[in-house]
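In what follows, a structure is listed as structure tokens, so that the remarks can point back to it.
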Amino acid sequence: VVGSNIACPSDARFKRNVETLPNALDVVERLRGVRYEWKTDEFTDRDFAKGEQVGLIAQEVLEIVPQAVHEMSDGYLAVDYARLVPLLIESIKEQQRQIDELKAALKSMTP
């Protein structure tokens, strides 16, 4: 599926038990980005793009962020990359806090 301007329902009125994701940086550090090529010769009915691709391995993501993996009707796994965005946002914020703490510590060491 190729599309643009795709929006996912996210209104607070739809949600309960809302909590900020803890330890997002630790979770992101466990994910492994890979480059690969699709087995286009074995899965001719899939219309996979030819050439080098980048992404994640669904089985690996399943172990770390099961909410981002879906089993398709044929039993194969798919990654919902959009579900990883909140983790990326929170991990960047955690990393920025670490940077700010290091900058403050460094500043207090210099005369």
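Looking only at distances, no side-chain donor or acceptor of Tyr81 sits under 3.5 Å from a matching main-chain atom of Gly55. With Thr110 contributing its side chain and Lys107 its backbone, the two residues share a donor-acceptor pair below 3.5 Å. Listed for the Glu90 side chain is no donor-acceptor partner under 3.5 Å among the backbone atoms of Ala24.
No more than 12 heavy atoms of other residues, nucleotides or ligands sit less than 6.0 Å from atom CE of Met109. Annotation for Tyr76: atom OH does not count as buried by contact number, only 12 or fewer foreign heavy atoms lying within 6.0 Å.
A chain of hydrophobic side-chain contacts below 4.5 Å, direct or via other Ile, Leu, Val, Met, Phe, Trp or Tyr residues, connects Val28 to Val61. Val65 and Leu25 end up in different hydrophobic clusters when Ile, Leu, Val, Met, Phe, Trp and Tyr side chains are linked at under 4.5 Å. With hydrophobic clusters built from ILVMFWY side chains whose heavy atoms lie under 4.5 angstrom apart, Ile89 does not share a cluster with Ile92.
A side chain to side chain contact (heavy atoms under 4.5 Å, CB included) with Gln59 is found for one member of Val79, Leu77, Val69 and no other, namely Leu77.
Taking CD of Glu37 as the start and CZ of Phe48 as the end, the distance is 13.0 Å to the nearest 0.5 Å. Taking CG of Asp41 as the reference point, atom NZ of Lys50 lies at 8.0 Å (rounded to 0.5 Å).
By the 4.5 Å heavy-atom criterion applied to side chains, Val27 and Leu21 are not counted as neighbours. Proximity of Gln96 to Lys93: side-chain heavy atoms (C-beta onward) are nowhere separated by under 4.5 Å. The shortest side-chain heavy-atom distance between Glu29 and Asp26 falls under the 4.5 Å cut-off.
Residues Ala78 and Ala58 approach most closely at N-CB, 4.4 Å, considering heavy atoms. Contact detail for Lys15 and Ser10: the closest heavy-atom pair is NZ-OG, 2.9 Å.
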